[in-house]
Novice: 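Provided herewith is a single structure, encoded as structure tokens, for subsequent inquiry.
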Amino acid sequence: MKPKVDSNWYPENFDWYVKWAATVLMLFSMIARAAGVDYRIFDLGIGTLGIALWLWVAVMWNDRALIILNAVSIVLVGSTFLRELNI
């Protein structure tokens with residue numbers, strides 16, 4: 001197991017809770033996507049939050065591949081979400 005980045009500021013298993021919260025959010029995002037275009041805003045909003053949490057986990061784990069994947073994903077999905085909100 002890799003050492004964690006500055007693990008003094010969060011509890012021992014904190015990353016486990018964040019990881020599962022992010023996973024549940026991503027599953028809800030996929031459910032909204034499967035429900036149809038009427039639920040697109042929920043898909044994008046929940047998906048953006050799920051990706052943000054996964055990015056946080058990737059930083060805690062110091063996993064560069066996950067950091068790059070989630071950083072690019074949050075820019076793409078987040079910008080689409082903002083465009084849908086007309087911001």
Side-chain angles (χ1 to χ4, degrees):
M1 184 178 223
K2 291 182 180 180
K4 297 179 184 178
V5 178
D6 193 20
S7 61
N8 295 328
W9 64 272
Y10 58 86
E12 181 68 28
N13 291 332
F14 183 66
D15 57 340
W16 185 89
Y17 293 103
V18 176
K19 173 184 72 173
W20 280 105
T23 300
V24 168
L25 287 173
M26 294 305 296
L27 289 172
F28 278 120
S29 173
M30 288 183 247
I31 290 168
R33 185 174 304 150
V37 294
D38 295 338
Y39 299 97
R40 179 175 167 87
I41 197 73
F42 296 110
D43 168 25
L44 293 170
I46 296 169
T48 301
L49 183 57
I51 293 168
L53 289 178
W54 262 113
L55 179 59
W56 189 9
V57 171
V59 170
M60 285 192 288
W61 288 353
N62 198 23
D63 188 325
R64 291 184 192 134
L66 286 178
I67 291 170
I68 291 170
L69 173 69
N70 288 299
V72 171
S73 296
I74 200 166
V75 168
L76 295 174
V77 176
S79 64
T80 305
F81 178 56
L82 292 175
R83 188 174 54 232
E84 285 290 319
L85 292 175
N86 295 321
I87 293 178

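Excluded from the calculations below are hydrogen atoms, water molecules and symmetry mates; all remaining heavy atoms, backbone and side chain alike, are included. The shown structure was predicted, so the numbers you read here are calculated from the model rather than taken from an experiment.
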Novice: Shortest non-hydrogen contact from Ala22 to Gly50?
Specialist: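 Heavy atoms only, the tightest pair is CB-O, 3.6 Å.
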
Novice: What salt bridge (Lys or Arg N to Asp or Glu O under 4.0 Å) pairs are there with at least one residue in residues 48-57, not counting sequence neighbours?
Specialist: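 Listed once each, the pairs would be none.
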
Novice: Without placing hydrogens or testing angles, list every side-chain donor-acceptor pair under 3.5 Å for residues 80-87, not counting sequence neighbours.
Specialist:
residue, atom, partner, partner atom, Å
Thr80, OG1, Leu76, O, 2.9
Glu84, OE2, Arg40, NE, 3.1

Novice: Any donor-acceptor pair under 3.5 Å linking the side chain of Asp63 with the backbone of Leu66?
Specialist: yes

Novice: Among Leu69, Val72, Asn70, find the residue that satisfies the side chain to side chain contact (heavy atoms under 4.5 Å, CB included) test when tested with Ile51.
Specialist: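 With Ile51 as partner, Leu69, Val72, Asn70 yield a single side chain to side chain contact (heavy atoms under 4.5 Å, CB included), made by Asn70.
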
Novice: Following the transitive rule for hydrophobic clusters with a side-chain heavy-atom cut-off under 4.5 Å over Ile, Leu, Val, Met, Phe, Trp and Tyr, establish whether Trp16 and Leu27 coincide in one cluster.
Specialist: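 The answer is no; the residues belong to distinct hydrophobic clusters.
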
Novice: Which residue pairs pass the salt bridge (Lys or Arg N to Asp or Glu O under 4.0 Å) test when at least one of the two sits in residues 65-82, sequence neighbours left out?
Specialist: none

Novice: Run the side-chain contact (heavy atoms from CB on, under 4.5 Å) test against Leu25 and tell me which residues pass, sequence neighbours left out.
Specialist: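 Testing Leu25 for side-chain contact (heavy atoms from CB on, under 4.5 Å), a comparison that skips the adjacent residues, returns Ile46, Leu49, Leu53.
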
Novice: For Tyr39 and Ala32, which heavy atoms make the closest approach, and how far apart are they?
Specialist: CB-O, 3.5 Å

Novice: Quick check: is Ile74 connected to Ile68 through a chain of hydrophobic side chains (ILVMFWY, heavy atoms under 4.5 Å apart)?
Specialist: no

Novice: Would a single hydrophobic cluster contain both Trp56 and Tyr17, if residues Ile, Leu, Val, Met, Phe, Trp and Tyr are joined by side-chain heavy-atom contacts under 4.5 Å?
Specialist: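 No.
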
Novice: Quick one: which residue pairs count as a side-chain hydrogen bond (donor to acceptor under 3.5 Å, both in side chains) with a foot in residues 20-36, not counting sequence neighbours?
Specialist: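 Found Ser29-Asp43, Arg33-Asp43.
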
Novice: Taking side-chain hydrogen bond (donor to acceptor under 3.5 Å, both in side chains) as the definition, give me every residue that meets it alongside Thr48, ordered by chain and number, with sequence neighbours left out.
Specialist: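 For Thr48, no residue satisfies side-chain hydrogen bond (donor to acceptor under 3.5 Å, both in side chains) once neighbours in sequence are set aside.
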
